[in-house]
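All chains are named by letter (A, B, ...) in the order of the sequence lines, taking the proteins before the strands, and each is independently numbered beginning at 1. Just so it is clear, the values below take in all heavy atoms, side chains as well, and ignore hydrogens, waters and symmetry mates. Keep in mind the model is a prediction, meaning the values are calculated, not measured.
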Amino acid sequence: MTFSPRVRFAPSPTGQVHIGNIRVAIFNYLFARSQSGRFLLRVEDTDRERSTPEAIDALMGVLDWLELRPDEEPLFQSARVEEHLAAAEKLISDGNAYRHARTPEELPAVFFRVPTTASLYGGFLREAGPVSHKLFEGEPLRIDHTGIQYVGVSRKGKPDPGGCCLAGMADGKVLAADGTLLLDLAEALPSILAGETALETAGADRIEYTRREIVFQDLVKGELAKPLDSMKDLVIVRGDGSPVFHLANVCDDDCQKITHVIRGDDHVENTYRHIPLFLALGCPVPAYGHLPMIVNEQGKPYSKRDGDAFVGDFRAKGVLPEALFNYLTLLGWSPGDDREKMNRDEMIAAFQLERVQRAPAQMDLRKLANLNGQYLQELPESFYFADIRDLLSRTEWGMALSEDRLVKIARLMRPRLQTYEDVFSWRMFADNDFERDPNALKRGLGKAWQRDALSRMAALMESGKTLGAAREEVAETLELDDGKLNQPLRVALTGQAGGPELLDVIALLDRTTLAPRIRKTLSLLEPSS
RNA sequence: GCCCCCAUCGUCUAGUGGCCUAGGACUUCGGGUUUUCAUCCCGGCAACAGGGGUUCGAGUCCCCUUGGGGGUGCCA
């Protein structure tokens, strides 16, 4: 039997696609392809406020741009509310969920009860030894069918309020300071669960129970576990009747027959709740893999305010999709050898979830730019020219450039191009209103002799001399070595400290603009006072 | 606070008990080419968070500390 995994990317469309989210999509895609599985899309559009048609378009546009095309029709979560609510009803009638309002003001919501019976957990539960939990003196312990409320003792001896689901302390024994058994939870459980009993014990000193924990094998992190006594029953249907993420997510994963859930690290806590939910619903539990988060250049998590965090931003800056895809793949994963620039087939062939890193990864925009540059260099020339033309047509000066000159410029500038964004510095070829880089001005024209030499050159050129002749004459007059004038000249002409061979650049500049360029650059250096 | 997870150069990473004098890439620095700057080529700096174990031997296994991340919602 061939096992064919099914994975999904399940974003909620909010207008912009975050870089961390798209990396999750990429890893899902790579996993599916490497396992001859299927890559599906589920649009979690239950937030009607933000999930606008525009937001969905943006999402689809990004997936298309990166060629992350799902193998089946996308599932829209909003279309399945009936099924989600039906699942909640089933859980209620099976005794795995209950309606409850925590305060009189709240409408009753549906809570999923973390199962108290070990047999309901399949292989996902294990015992972790006895625990004795000290209670704060004088504070009552409250137990009803929604869970246990208690006040523990903090390390500093202060009251430490806490609570957990009934499952967390299902065999708990509440004891007085002298060891007297105040309550045997195992005995009382049936009537508590039935809602017949709500207890409030005074004089309790401690509660002793066997700790049990949910365990699963994470595909990237290995064995992960969490004690039941750190969990609470969770809302799965709101008071207003709308299903909560946890319910919808689990139902839809079952609906799409998802075998492997590959998602961000921020979901690991949810997995401890989703596993019992699958089980209670009678659905097969998928395998899980949690990917580390991406952090920004400050090493902090990306927040809404961070720039450069949306896929659209990279696209707008002229990052090639192949480069972004490749870079993001390398963020938190490596093929195990020294390869970095890999095409999609190579990445698919090498991809293994076990090889993904377990710690958060920090974005390095410079490395992305470098990689993008490599992709740019090998782009077929016709595509390259088309992209350039497209970008430059956004500017007036770019429109004015003839096709012939544009091709020459594009060829000359290509070797040092890292991002398409850089093409906007090509204005120096078009007119005299290009930006002068202040640092370049300082380096090339910071000294008085440099400005003097350039001003002499301009004067000579204005009297009809060619640039070459002017340079020679000035070099001779000022007794300057060969090449000494090149750097000041480059800065005066282009406003930049670097670039291609100076003569090649000059060859592409309109001869009549040479002297005015120098004059203008020099004028910018004159004291403004 | 409590729960869960993580930890190799500045950054992304290789490394699964001896092959590690810890490798590669980005960044950075130096040199070569270049009448200049850059591209390019060559070279250098730079890390096992700290402390205890286990072992003949530890970056690799265990524990503690520190640091980081995630969670702790009728958000997703």
Is it possible for you to check whether A:Arg113 lies under 6.0 Å from the centre of the six-membered ring of A:Phe111, through NZ or CZ, and within 45° of that ring's axis?
no

Quick note, A:Glu44 side chain, CB onward, closest among B:rC6, B:rC37, B:rA76 is B:rA76

Please list each protein N or O that sits under 3.5 Å from an N or O in nucleotides 42-47 of chain B, with the distance.
none

How would you label the contact of A:Ala369 with the nucleic acid (heavy atoms, under 4.0 Å): base, sugar-phosphate, or nothing?
nothing

Report the nucleotide, chosen from B:rU39, B:rC4, B:rU36, that has the shortest atom-to-atom distance to any side-chain atom of A:Pro227.
B:rC4

Side-chain N,O (A:Arg358) to OP1/OP2 (B:rU16) below 4.0 Å
no

Compare the minimum distances between each of B:rA25, B:rG71, B:rA76 and the side chain of A:His246, then state the nucleotide with the smallest one.
B:rA76

When the distance from CG of A:Leu412 to P of B:rA38 is rounded to whole Å, what number comes out?
16 Å

Under 3.5 Å, is there a donor-acceptor pair between the A:Asn28 and A:His260 side chains?
no

Of all the nucleotides listed (B:rA25, B:rG70, B:rU39), which has the minimum atom distance to the side chain of A:Pro415?
B:rU39

Hey, is the side chain of A:Arg366 pairing donor to acceptor with the base of B:rC26 inside 3.5 Å?
no

What verdict does the salt bridge (Lys or Arg N to Asp or Glu O under 4.0 Å) test give for A:Glu381 and A:Arg411, after you've listed the backbone C-alpha separation in whole Å, the side-chain angles of each residue and the deciding distance to 0.1 Å?
CA-CA 9 Å; A:Glu381 219 174 35; A:Arg411 283 212 174 104; 2.8 Å; yes

With rounding to the closest Å, how many angstrom separate the C1' atoms on B:rG24 and B:rA47?
14 Å

Stacking check A:His267 vs B:rG70 (5.5 Å / 30 deg)
no

Looking at B:rG1, I'd like to know if its phosphate oxygens (OP1 or OP2) sit under 4.0 Å from a side-chain N or O belonging to A:Arg155.
no

Nearest-angstrom distance, C1' atom, B:rG68 to B:rG52
22 Å

Just by distance, do the side chain of A:Asp160 and the backbone of A:Val153 share a donor-acceptor pair under 3.5 Å?
no

B:rC2, OP1 or OP2 - any side-chain N/O from A:Ser230 closer than 4.0 Å?
no

Please determine, by modelled atom types, if A:Asn372 and A:Thr419 share a side-chain donor-acceptor pair under 3.5 angstrom.
no

For A:Phe112, does the six-membered ring have the charged nitrogen or CZ of A:Arg273 within the cation-pi criterion, i.e. under 6.0 angstrom from the centroid and within 45° of the normal?
no

Below 4.0 angstrom from OP1 or OP2 of B:rC3, is there any side-chain N or O of A:Lys232?
no

Counting only side-chain nitrogens and oxygens, does A:Arg263 get under 4.0 Å of the OP1 or OP2 atom of B:rA76?
no

So that I can tick it off, tell me whether A:Arg42 and A:Asp253 are bridged by a salt bridge, with the cut-off set at under 4.0 angstrom between side-chain N and carboxylate O.
yes

Contacting residues from residues 104-116 of chain A, given that a heavy atom lies under 4.0 angstrom of RNA chain B:
A:Glu106, A:Leu107, A:Ala109

Expressed in angstrom and rounded to an integer, what is the separation of A:Leu291 atom CG from B:rG70 atom P?
15 Å

Measure from the side chain of A:Gln362, starting at C-beta and using heavy atoms only, and say which of B:rG1, B:rA14, B:rC12 lies closest.
B:rC12

For the backbone of A:Met428 and the side chain of A:Arg517, can you confirm whether one donor and one acceptor N or O come within less than 3.5 Å of each other?
yes

As a quick check of understanding, evaluate side-chain hydrogen bond (donor to acceptor under 3.5 Å, both in side chains) for A:Asn326 and A:Glu322, giving each step before the final call.
CA-CA 6 Å; A:Asn326 194 160; A:Glu322 305 81 40; over 6 Å; no

Salt bridge or not between A:Arg206 and A:Glu208? Use side-chain N to carboxylate O under 4.0 Å.
yes

So which nucleotide from B:rA76, B:rA7, B:rG15 ends up closest to the side chain of A:Ala359?
B:rA7

Please measure how far the P atom in B:rU8 lies from the corresponding atom in B:rC4, and state the result in whole Å.
22 Å

Under 4.0 angstrom between A:Arg273 side-chain N/O and B:rG73 OP1 or OP2:
no

At under 4.0 Å, does any side-chain N or O of A:Gln357 touch on OP1 or OP2 of B:rA14?
yes

Under 3.5 Å, is there a donor-acceptor pair linking the side chains of A:Ser242 and A:Arg238?
yes

Write down the partner of B:rG1 under the Watson-Crick or G-U wobble criteria, each distance required to be under 3.5 Å.
B:rU72

